[in-house]
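Below is one structure, written out as structure tokens, with a few remarks after it.
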Amino acid sequence: MSKKFRKKLKFKPRIKEVEFIRGRIYTHNLIKGNRVYGEKLIENGRLREWVPSRSKIGAAIMRGIKNLGIKKGSKVLYLGAASGTTASHVSDIVGKEGAVFCIDIAYRVVRDLVLVCEKRKNMFPLLADASHPETYKAFFPTVDVVYEDVASKNQAEILIRNCDLFLKPNGWAIIAVKARSIDVTKKPQQVFNEIEKKFKKHFIIIEKTKLEPFEKDHMFYIMKKIN
Ligand SMILES: C[S@@+](CC[C@H](N)C(=O)[O-])C[C@H]1O[C@@H](n2cnc3c(N)ncnc32)[C@H](O)[C@@H]1O
């Protein structure tokens with residue numbers, strides 16, 4: 001993100017789980033001095049920069065969301081964890097009492113994810129297809145938060161199915177919706193309107209934000225499960 005944009009940023013990060021220092025956001029490093037994706041470390045490695053152009057949760061925080069749902073001690077099911085870039089910041093936030101259950105379908109990225117999880121004892125990797133949560137039902141407990149960052153046509157159905165099986169009553173369902181993965185022929189706003197209708201049958205939308213300038217045609221939803 002350019003200095004010019006950072007100066008112009010209308011919203012200021014309001015999430016107390018992150019530190020906001022000179023226009024950048026940081027998480028408290030679970031392992032002092034540990035770097036996961038080449039991010040900057042400050043304060044003797046105690047704080048790790050969360051790069052919003054590399055992470056949709058980071059982008060949503062920079063956009064000024066007020067609710068994150070993820071807190072110290074949270075158990076999080078993370079769908080589409082890739083090599084663990086964002087998941088590592090979630091791991092920082094939930095801390096030693098929390099857990100991040102990381103799922104990805106691609107062997108290539110899970111190989112790198114495993115290396116991150118070996119160091120971070122609150123992260124647990126699984127190679128699986130998030131469209132079929134019944135295949136991993138036995139491996140994970142119920143959770144406080146389900147977060148999905150899977151660029152696929154059936155993003156809404158994946159979230160709903162996983163929340164049915166894993167999310168506690170009143171738990172948080174968070175998703176970065178990529179309009180172009182759902183339907184390239186429709187305007188992004190139309191895709192968001194349609195997906196919201198689906199969400200509203202299962203969740204209460206607490207907050208939503210676009211992710212520009214970090215990600216184009218994405219909407220980030222923070223929702224609570226209807227019991
Ligand atoms: C945009 S990347 C995730 C980036 C990651 N969340 C981050 O911020 O560091 C999307 C990931 O979803 C994974 N994916 C796509 N379809 C999936 C599925 N059906 N089940 C699980 N993972 C899937 C891809 O392999 C890819 O790693």
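The structure presented is a predicted model; accordingly, all values stated were derived computationally and were not measured. Atoms within each ligand, like the ligands themselves, are counted from 1 in listed order.
Judged by distance alone, the side chain of Gln155 and the main-chain N or O of Ser152 form a donor-acceptor pair under 3.5 Å.
Distance from atom 9 (O) of ligand 1 to its nearest protein heavy atom, with residue and atom name: Thr86 N, 3.3 Å. Ranking protein heavy atoms by distance to atom 15 (C) of ligand 1, first place goes to Val150 CG1, 3.6 Å. Shortest contact from atom 3 (C) of ligand 1 to any protein heavy atom: Gly80 O, 3.2 Å. The shortest contact between atom 22 (N) of ligand 1 and any protein heavy atom is with Ile105 N, 3.2 Å. Scanning the protein for heavy atoms near atom 25 (O) of ligand 1, the closest one is Asp104 OD1, 2.6 Å.
Counting heavy atoms closer than 4.0 Å to ligand 1, residue Ala82 contributes atoms from both its backbone and its side chain.
Annotation: Lys75, atom NZ; neighbour count of heavy atoms from other residues, nucleotides and ligands within 6.0 Å is above 12. Within a 6.0 Å radius of NZ in Lys198, no more than 12 heavy atoms belonging to other residues, nucleotides or ligands are found. Taking a 6.0 Å sphere around NZ of Lys224, one finds it holds more than 12 heavy atoms contributed by other residues, nucleotides or ligands.
Here Glu19 contributes atom CD and Arg46 contributes atom CZ; the two are 11.5 Å apart, rounded to the nearest 0.5 Å. To the nearest 0.5 Å, atoms CH2 (Trp50) and CD1 (Ile15) are separated by 9.0 Å.
Shown in contact with Ala128 at under 4.0 Å from a heavy atom are these atoms of ligand 1, numbered in order with element: 20 (N), 21 (C). Listed by atom number, the atoms of ligand 1 under 4.0 Å from Ser131 heavy atoms are 19 (N). Taking every heavy atom of Lys56 and a limit of under 4.0 angstrom, the matching atoms of ligand 1 come to 1 (C). Numbered from 1 in the order shown, with element, the atoms of ligand 1 that lie under 4.0 Å from a heavy atom of Asp129 read 18 (C), 19 (N), 20 (N). Applying the 4.0 Å criterion to heavy atoms of Ala130 picks out, from ligand 1, the atoms 18 (C), 19 (N), 20 (N), 21 (C). Close approach to Tyr78 involves these atoms of ligand 1, each under 4.0 Å from a residue heavy atom: 5 (C), 6 (N), 7 (C), 8 (O).
Counting heavy atoms from C-beta outward, Ile175 and Phe220 have side chains that stay 4.5 Å or more apart.
Residue Ser55 has no nitrogen or oxygen atom sitting less than 3.5 Å from a nitrogen or oxygen atom of ligand 1, judged on distance alone. Of the polar atoms of Ile158, none of the N or O atoms is found under 3.5 Å from an N or O of ligand 1, judged by distance alone.
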(request) Would you please test Glu118 and Val114 for side chain to side chain contact (heavy atoms under 4.5 Å, CB included) and show each step? (result) CA-CA 6 Å; Glu118 273 173 4; Val114 167; 3.8 Å; yes

Test side chain to side chain contact (heavy atoms under 4.5 Å, CB included) on Ile65 and Arg14; report intermediate values, then the result. CA-CA 7 Å; Ile65 54 162; Arg14 299 182 241 197; over 6 Å; no

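For the residues Asn154, Asp149, Leu79, the heavy atom positioned nearest atom 10 (C) of ligand 1 is part of Asp149.
The aromatic rings of Tyr78 and Tyr147 lie perpendicular to each other, with more than 60° between the two planes, well past the 30° mark.
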